[in-house]
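Following: one structure in structure tokens, then a few remarks.
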There are 2 protein chains.
Amino acid sequence: MSDRVVPAADRRRRRPTKQGVVLSEELIVETALRLIEEHGAEALSVRRLGRALGADPSSLYRYFRHTDDLMLAVADELIGRTLRTWRPTGDWLADLRDLGLRMHAGALAHPRAAMLSSYRVTGRVYEIQAVETILGVLRGAGFPDTEAVRIYHAYVDQALAFGALDSANTALPKPARDAEAAVWQAMYAQLPADTHPHIAATARHLVATMRHSSYPAAQDLLLSAAAARLAEIRAGERALPTRSAGRSPSS
Amino acid sequence: MSDRVVPAADRRRRRPTKQGVVLSEELIVETALRLIEEHGAEALSVRRLGRALGADPSSLYRYFRHTDDLMLAVADELIGRTLRTWRPTGDWLADLRDLGLRMHAGALAHPRAAMLSSYRVTGRVYEIQAVETILGVLRGAGFPDTEAVRIYHAYVDQALAFGALDSANTALPKPARDAEAAVWQAMYAQLPADTHPHIAATARHLVATMRHSSYPAAQDLLLSAAAARLAEIRAGERALPTRSAGRSPSS
DNA sequence: TTAACAGGTCAACGGTGTTGTCATAAGGTG
DNA sequence: CACCTTATGACAACACCGTTGACCTGTTAA
């Protein structure tokens, strides 16, 4: 039974649930998000979602082909929310840095949803809008198409990947998280210099640094490399010899 | 029943399974790894693992408290294997690039383990060894401690985060994965230029680029930024030789 | 007013991780 | 060697899970 789902636009008969709820794609997505936030990622199941909505679990299959489709819808809603709060200034570097931090913050604000959706390509409206926007920023800055796509891909995946990573940490049960924090203090900071000289020498920095997300640092490194690349490209264009003079990582 | 598990060291009675197999932590971990490799990430369940071992599923709970514990043991083994296959040459940049690619490949080979272990600090032997090694490479290259720790953190987290991200994608059920691949071809490549000019202009590159992991590109960007930073630092040192020069860099 | 059918419901299938209980063979002890 | 303890494997059951085929019923368009 694969044509159970009816496109949202064609829905006419808004028949209420036994418990009086009128279902809709938006209501389901919202409820799923709420459920995830309140009771954790593993609290999201078709059955629980049905219960939370006041509907039979199987009703949801009139709106989404499978759980996966539902997750994609949730993911897209998250992208949309982030994109709507972003105000580009025209400075590509600052704009991308800001957008990246917003995406990361958005993921952390909805950790469990972020974990589930970070690795999916939704092909839905907000995602497409984000792709178009970021590509526009890069091309507008002067990156040629190949470079723009390459950097777009790395930039976006980095934001998503760190978002998911830090979200996963955030979503850890309390005792587990405390235990992890303790490891750096209790184990790494105590290692003797003769067996682990480098850890011992930097223990102070490690303990201080490891408790924060490394995303801002990682993003700055990535973007500054992109900026350097852009400078090279511009220089090459101006001189217009056969090759740019600046050496690249080469490989 | 939480004290079902007996530490490996205390095991004395090697009682064979009904089917004649003698269980052990190593055998279980190995079999789990093999199962994942042969039949995909979703083929690993306690029941299937039991079947593959020739033992009742519940027997495994004498060795691991829950599935997560098992996956962490698998992950630790993975770190060890990756480190063991890595041959540093002394060129810090090439060595870190190589190690990163190995970590990423290792994660992809065992997606479930990678997803679970990416955001955890285990404090186990191989993890400590990895920290010490990478810090050593960075400090040996000439990064001062603060920078070394900052870059270490970004570098490692990026490897872990991309490993988990790409693993999650790999671990997707096959139909879902095919669907994702199709999205780029069928949706992004078809968007009209008047509504989505940037996507339309780069569609060819997008389709080609998006099917691969962006990790190599992202890592190259991060490492090249680090290299630029190191050049800066060295230049600063040369100009301001307050410290003993030590061995000359000579790249 | 009514008939078609969208959309909600029910029950069932085959899967999952996990645990309480029982059975038995291994291994130390005398 | 025989005995006893007990570690460890097996079994059965529990509570979930996603999904689907069949059924039932209220809404809506004609």
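Naming: A, B, ... by sequence-line order, numbering from 1 per chain. Since the model is a prediction, treat every value here as computed from it, not as a measurement.
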>> Just the rounded figure in Å: distance from P of dA10(D) to CZ of Arg15(B).
In response: 8 Å
> Which of these nucleotides, dT9(C), dT19(D), dA10(D), is closest to any side-chain atom of Arg62(A)?
Replying inline: dT9(C)
> OP1 or OP2 of dG7(C) less than 4.0 angstrom from a side-chain nitrogen or oxygen of Ser59(A), does that happen here?
Replying inline: no
Would you give me the side-chain donor-acceptor pairs under 3.5 Å for residues 19-36 of chain A, sequence neighbours excluded?
from, atom 1, to, atom 2, distance (Å)
Ser24(A), OG, Leu27(A), N, 3.1
Thr31(A), OG1, Leu27(A), O, 2.7

> Just checking Pro16(B): base, sugar-phosphate only, or nothing, at a heavy-atom cut-off of under 4.0 Å?
Replying inline: sugar-phosphate
> Which residue pairs satisfy the side chain to side chain donor-acceptor pair (under 3.5 Å) criterion with at least one member in residues 46-58 of chain A, sequence neighbours excluded?
Replying inline: Asp56(A)-Ser58(A)
>> Counting only side-chain nitrogens and oxygens, does Thr67(A) get under 4.0 Å of the OP1 or OP2 atom of dT19(D)?
In response: yes
>> Expressed as a whole number of angstroms, how long is the span from Gln19(B):CD to dA25(C):C1'?
In response: 18 Å
Can you name the atoms? Protein N/O to nucleotides 28-30 of chain D N/O, anything below 3.5 Å, with the distance.
from, atom 1, to, atom 2, distance (Å)
dT28(D), OP1, Arg12(A), O, 3.4

Atom pairs under 3.5 Å: protein N/O with N/O of nucleotides 12-15 of chain C:
none

> Within this structure, what is the CZ-to-P distance between Arg51(A) and dA15(D), rounded to whole angstrom?
Replying inline: 13 Å
> dG9(D), dC11(D), dC10(C): which one has an atom nearest the side-chain heavy atoms of Asp56(A)?
Replying inline: dC10(C)
> Salt-bridged, Asp68(B) to Arg120(B), with N to O below 4.0 Å?
Replying inline: yes
>> Closest approach to the side chain of Ser58(A), judged atom by atom: which nucleotide of dT9(C), dG8(C), dG9(D) is it?
In response: dT9(C)
> Would you say a side-chain N or O of Tyr63(B) is under 4.0 Å from OP1 or OP2 of dG9(D)?
Replying inline: yes
>> Tell me which pairs pass side chain to side chain donor-acceptor pair (under 3.5 Å) where either residue lies in residues 152-167 of chain A, with sequence neighbours left out.
In response: His104(A)-Asp166(A), His153(A)-Asp157(A), Asp157(A)-Ser214(B), Gln158(A)-Gln158(B), Asp166(A)-Ser213(A)
> In whole Å, what is the span from the CG atom of Leu49(B) to the C1' atom of dT18(C)?
Replying inline: 15 Å
> Can you tell me how far CZ of Arg150(A) sits from CG of Leu138(A), rounded to the nearest 0.5 angstrom?
Replying inline: 11.5 Å
>> Checking Asp76(A) now: which residues fulfil side chain to side chain contact (heavy atoms under 4.5 Å, CB included) with it, not counting sequence neighbours?
In response: Ile79(A), Thr122(A), Arg124(A), Val125(A), Tyr126(A), Glu127(A)
> To the nearest Å, how far apart are Tyr61(B) OH and dA10(D) P?
Replying inline: 15 Å
>> Looking at dC10(C), I'd like to know if its phosphate oxygens (OP1 or OP2) sit under 4.0 Å from a side-chain N or O belonging to Lys18(A).
In response: yes
